[in-house]
Amino acid sequence: MQHDLIAQARTWLAEDPDPETRAELAAIVEAGDTQELAARFAGTLQFGTAGLRGELGAGPMRMNRSVVIRAAAGLAAYLKAQGEEGGLVVIGYDARYKSADFARDTAAVMSGAGLRAAVLPRPLPTPVLAYAIRHLGAVAGVEVTASHNPPRDNGYKVYLGDGSQIVPPADGEIAAAIAAVGPLADVVCPEDGWQTLGEEVLEAYLARTDAVLATGSPRTARTVYTAMHGVGTSVLTAAFARAGFPEPVLVAEQAEPDPAFPTVAFPNPEEPGAMDLAFATARRAAPDLIIANDPDADRCAVAVPDTATEGGWRMLRGDEVGALLAAHLVERGASGVFAESIVSSSLLGRIAEKAGLGYEETLTGFKWIARVEGLRYGYEEALGYCVDPEGVRDKDGITAALLVAELASVLKEQGRTLLDLLDDLALAHGLHATDQLSVRVEDLSVIADAMARLREQPPTALAGLAVTSAEDLSQGTDRLPPTDGLRYHLEGARVIVRPSGTEPKLKCYLEVVVPVADAAGLPAARARGAELLAGIKRDLAAAAGI
């Protein structure tokens, strides 16, 4: 066993083009650390519908230049098999460790394989890459990013020429092509031959952002903004300036790209503590709202002043922002289809139905939402919003931020706030309260065991609410393809349990709907909603053994 591991490591070392990971692996071999070698050579990082994502380091189970070159070679072979020889592949990247290297390697492989490659001019938000694919008529796009994962991670996200992320069967076909790549020495990687795009592609994206706003709408909302150490600051501030909004007050400590993410444990606005510096800045600047992007700026978080909340600021849930933006678009006379993933609040369907608009529910992820025919607006509870599907067929934290700021400005002119509009929605459709039970694990078998336990012994009641129906989504439904998940309908509530597609987490999405007769009944309805969510969370954790 030990001999085999060391032999595998030496073979990998001989091919590795990166002096840093070569030195790292050589030191592990020299130390005879078979446990570490076993972890790195337990298989290969699997390419799936989220592309690749993993911890940086040497070996086939880590993100590194060898793994990326193989992925790029497999993608190139797939594209050529689809008849796209000579087609353009656009490559974007964030500011994480190794992102620029991975982007350059991808461009070299594409050029060597007979495709044309163009790399964005600098680290830019993921939505700029998604926009550039269709804008430039590319056959595919690659974004090097690990989004809001920890600093030690990086990833590789693939889009096809329609500008949306890959879905089956393309993911499986690309994975097979990657597996078929032979020795790295046989992969042609020229030193040049690709194009580095200029700022004009960003200018075209920024010109498009104006289109999400209504002509002549108020632009008065004052904002505190954090890029969470990512790439959003320059693009968001440029978009706000073009639109005529007041210049956002930046959370200075988090405004510039920094792959170490020094002020946050996880660079995700949803994680505890991640917004603390934004709240502190807001208490000094007294803006109308706080806007946060995640590090690749495809997600958008919103916080609002709330005297009832400790510290005076309240984070809105993704479902709340999703409903607010939907209501704003309805008010503006939007037509088309509203769509969301199955884990998001059912409130969107009620808003669409009342407005006479189409409504679709999809599997989790914008790779599915973006494919809805006639899409006008799509959102997912994990802070993702697609407000300009003709421009960006993916979630976009920049255009979402503009639309939130426009809505806050419209309400400000009326002497109202986002919280007032949430109250209106509760009165019109019932109070939709959502929460999540999310368990991060070191050992992935914990997730598999929890799913098996729930399948074998499904709960019959949660928080005293009877389970009226249970669906195993791995079987598929009449409207959804199969996915690893469970859905429970209760009297006045809904629960979905699924493994995360991008992180080692089991995620449980909870929603309760509490009727509200009038404004006076809102506090009691909120209290009841919170009580039910807490009870469901407690009982579900017990049922799943987590």
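- With a 6.0 Å radius and a threshold of 12 heavy atoms from other residues, nucleotides or ligands, Glu373 has its CD atom at or below the threshold.
- In this structure, the side chain of Arg479 does not engage the main chain of Thr477 through any donor-acceptor pair within 3.5 Å.
- Counting non-hydrogen atoms of neighbouring residues, nucleotides and ligands closer than 6.0 angstrom, the CD atom of Glu256 reaches no more than 12 such neighbours.
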Show me the donor-acceptor pairs within less than 3.5 Å that the side chains of residues 336-343 make with the rest of the protein, sequence neighbours left out.
| residue | atom | partner | partner atom | Å |
| --- | --- | --- | --- | --- |
| Glu340 | OE2 | Tyr359 | OH | 2.5 |
| Ser341 | OG | Ser344 | OG | 3.1 |
| Ser341 | OG | Glu380 | OE2 | 2.7 |

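- The backbone N or O of Arg65 lies less than 3.5 Å from no partner atom in the side chain of Arg70, so there is not a single donor-acceptor pair.
- Shown here is Glu20, whose CD atom has no more than 12 heavy atoms of other residues, nucleotides or ligands within 6.0 Å.
- Note on residues 190-199: pairs passing salt bridge (Lys or Arg N to Asp or Glu O under 4.0 Å), not counting sequence neighbours, are Arg104-Glu191, Arg122-Glu199.
- Checked for salt-bridge contact, Glu24 and Arg62 miss the test: no charged N lies under 4.0 Å from a carboxylate O.
- At a cut-off of 3.5 Å, with distance as the only test, no side-chain donor of Thr106 or Tyr93 sits close to an acceptor on the other residue.
- Two residues are said to be in side-chain contact when any heavy atoms from C-beta on lie closer than 4.5 Å; Asp296 and Arg96 fail this criterion.
- Legend: salt bridge (Lys or Arg N to Asp or Glu O under 4.0 Å) pairs involving residues 233-245, not counting sequence neighbours, sorted by first then second residue: Glu203-Arg242, Asp210-Arg242.
- Lys80 places a side-chain N or O within 3.5 Å of a backbone atom of Ala113 that can act as its donor or acceptor partner.
- Arg22 contributes a side-chain N or O that, together with a main-chain N or O of Asp16, makes up a donor-acceptor pair within less than 3.5 Å.
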